[in-house]
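Only one structure is covered here, and it is reproduced in the block below.
The structure displayed is predicted, hence computed values, not measured ones. No hydrogens, no waters, no symmetry mates; every other heavy atom, side chains included, goes into these values. Counting starts at 1 for both ligands and their atoms, following the listed order. Numbers here simply count residues along the sequence, with the first being 1.
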Amino acid sequence: MTDSKKSATLTIDGASYDLPIHSPTAGPDVLDIRKLYAQAGVFTYDPGFTSTASCDSTITFIDGGKGELLHRGYPIDQLAGKSHYLEVCYLLLYGALPTAAQLEDFENRVTNHTMIHEQMANFFRGFRRDAHPMAIITGVVGAMSAFYHDSTDINDPWQREVASIRMIAKMPTIVAMAYKYTIGQPFVYPRNDLDYASNFLRMCFAVPAEDYEVNPILARAMDRIFTLHADHEQNASTSTVRLASSSGANPFACIAAGVACLWGPAHGGANQACLEMLREIGSVDRIPEFIERAKDKNDPFRLMGFGHRVYKNVDPRATVLKQSADEVLELLGVENNPLLQVAKVLEETALNDPYFKEKKLFPNVDFYSGIILEAMGFPTSMFTPIFALSRTVGWISQWQEMISDPTMKIGRPRQLYQGETLRDYTDIEER
Ligand code: CMC
């Protein structure tokens, strides 16, 4: 962090405190309150971190007002259009676009780690067949620290690198195995002659009894979904990974924590919730009823796939996915899919409604991803696992950045205590 030239003065009970202001390379200035408690004896209060920067980072930048998402400075629409997932993984992890030789080396390293320890298959078999794949994935990722002892020392940069490559390489295998297990089909091993997205599709949809040819257009759409979800700065699951790792926990435990957090419907679970909502709406004529419910303060219903903590403009990932949805559905000959029709009219109706306009609620990435994934043949329960697979590189990059930072401290928020003050224990017969 550079020395700050600006400062703000805070006055409490007549005493003044100078607070440094840091200017980032992009985004709003940041008021540094690290010494505030020591100097003034007060905490700051910000539940949900709506105004709090929790770390320094050089990985991802979002301008929510403009609807801009940059990875290491490169806009997401350019990456989704011109690059591919593994190149974006390299960019997020190492900070620069790779040369051809660096990319080849990186792809080889990832490819060499796609298989999981055979003993891990027994973990899958311990779950009920009707388990949600996210429950299985949370457990299996956590279990990785019991298998890969040679990459759990967070103080060794080489072990951190191996853990990073392992996570990116094995996540498609784990997610596909979770899917196969829940549908009662045999596990399909990875094939290292295929690209990352094609290999994943094959592990999900191939069966030993038949040949499976990966459709390159679907593989491209899959790769684009991975790319669009790769990182999103300090969101809930990434902050969970950072908080878990601040205690020195091993990388597999930290990523398992991220997977668990992502599952919630306000975060990565929104893509499943969104498709279930489109199904519940069912037909275009029922849209007004659901729009009214979303606006009703006494009804907990929200339009899933709408709104974002940071974007107060169109989510740039949704723009790319809307186009991808059209392409994929046309390719599959299901462009008249009733869910897509409902989604399109719902989007238009909400965007023209004063409530959504005033609150700056736009479609987010989850609005269209579910439609594409469903058209590809994935059940809704696989939507969040695919998000987890894609986001693994973001979690890992942010974890690497944090561990390499010499000023890293254990995360320990404070509180605004509203409970009882000191009182004496009452014996049970006197209560
Ligand atoms: N439908 C109807 N009203 C909404 C919606 C929605 N989807 N989202 C926000 N609002 C209203 C909300 O009721 C509140 O109104 P008021 O000011 O009158 O109380 C106002 O807009 C601000 O909402 P908030 O809950 O204070 O905003 P937040 O920043 O805490 O929440 C959010 C952001 C994403 C959790 C929320 O917009 C939401 O629940 N959206 C639906 C779930 C969803 O699509 N999540 C995926 C997010 S993108 C993928 C990811 O990052 O994981």
Distance from atom 40 (N) of ligand 1 to nearest protein heavy atom, with residue and atom: Phe306 O, 2.9 Å

Lys295/Glu292 under salt bridge (charged side-chain N to carboxylate O under 4.0 Å, His left out): CA gap, chis, key distance, verdict: CA-CA 5 Å; Lys295 297 192 304 192; Glu292 286 317 306; 3.4 Å; yes

Atom 2 (C) of ligand 1: nearest protein contact (heavy atom, Å): Ala294 O, 3.6 Å

Shortest protein contact, atom 24 (P) of ligand 1 (heavy atom only): Arg302 NH2, 4.0 Å

Ligand-residue contact atoms, ligand 1 with Asp366, heavy atoms, under 4.0 Å: 46 (C), 48 (S), 49 (C)

Protein contact to atom 34 (C) of ligand 1 [nearest heavy atom, distance to 0.1 Å]: Gly307 O, 3.7 Å

Note, Ser397 side chain near Gln400 side chain (heavy atom, < 4.5 Å): no

Under 4.0 Å to a heavy atom of Gly305 - the qualifying atoms of ligand 1, by number: 43 (C), 44 (O)

Protein heavy atom at shortest distance from atom 16 (P) of ligand 1: Lys359 NZ, 3.6 Å

side-chain contact (heavy atoms from CB on, under 4.5 Å), paired with Ile396, selected from Arg160, Glu401, Met167: Met167

Under-4.0 Å heavy-atom contact between protein and atom 50 (C) of ligand 1: yes

Atom indices of ligand 1 within 4.0 angstrom of Gly268 heavy atoms, with elements: 52 (O)

Any side-chain heavy-atom pair of Trp263 and Phe387 under 4.5 Å: no

Salt bridge present between Glu347 and Lys344 (N-O < 4.0 angstrom): no

Option passing ring-ring contact (aromatic ring centres under 6.0 Å, His included) with Phe367 (candidates Phe306, Tyr311, Phe383): Phe306

Protein contact to atom 42 (C) of ligand 1 [nearest heavy atom, distance to 0.1 Å]: Met304 CE, 3.4 Å

Protein residue, atom and distance nearest to atom 1 (N) of ligand 1, heavy-atom basis: Leu303 N, 3.1 Å

Distance-only side-chain donor-acceptor flag, Asp223 / His84, under 3.5 Å: no

Min heavy-atom dist His232 to ligand 1 below 4.0 Å: no

Which segment of Tyr355 sits under 4.0 Å of ligand 1 when only heavy atoms are counted: side chain

Thr384, Asp299, Asn364: member with heavy atom nearest to atom 47 (C) of ligand 1: Asn364

Side chain proximity check, Leu346 to Leu303, heavy atoms < 4.5 angstrom: yes

Nearest neighbour of atom 4 (C) of ligand 1 from the list Asn235, Ile291, Leu361, on a heavy-atom basis: Leu361

Under-4.0 Å heavy-atom contact with ligand 1, by part of His267 that carries it: both

Under 4.0 Å to a heavy atom of Ala270 - the qualifying atoms of ligand 1, by number: 43 (C), 44 (O), 45 (N), 46 (C)

Distance from atom 45 (N) of ligand 1 to nearest protein heavy atom, with residue and atom: Ala266 O, 3.2 Å

Short N or O distance, Arg309 and ligand 1, threshold 3.5 Å exclusive: yes

Taking every non-hydrogen atom, the tightest pair across Ile154 and Trp399: CG2-CZ2, 3.9 Å

N-O pairing of Arg220 and Glu327 below 4.0 Å: no

Nearest protein heavy atom under 4.0 Å from atom 10 (N) of ligand 1, yes or no: yes

Cationic N near anionic O, under 4.0 Å, Lys322 to Asp326: no

Distance, nearest 0.5 Å, that separates CD1 of Ile174 from CZ of Phe124: 6.0 Å

Sidechain-backbone polar pair: Lys170 side chain, Met115 backbone, donor-acceptor under 3.5 Å: yes

For ligand 1, the portion of Lys297 having any non-hydrogen atom under 4.0 Å away: side chain

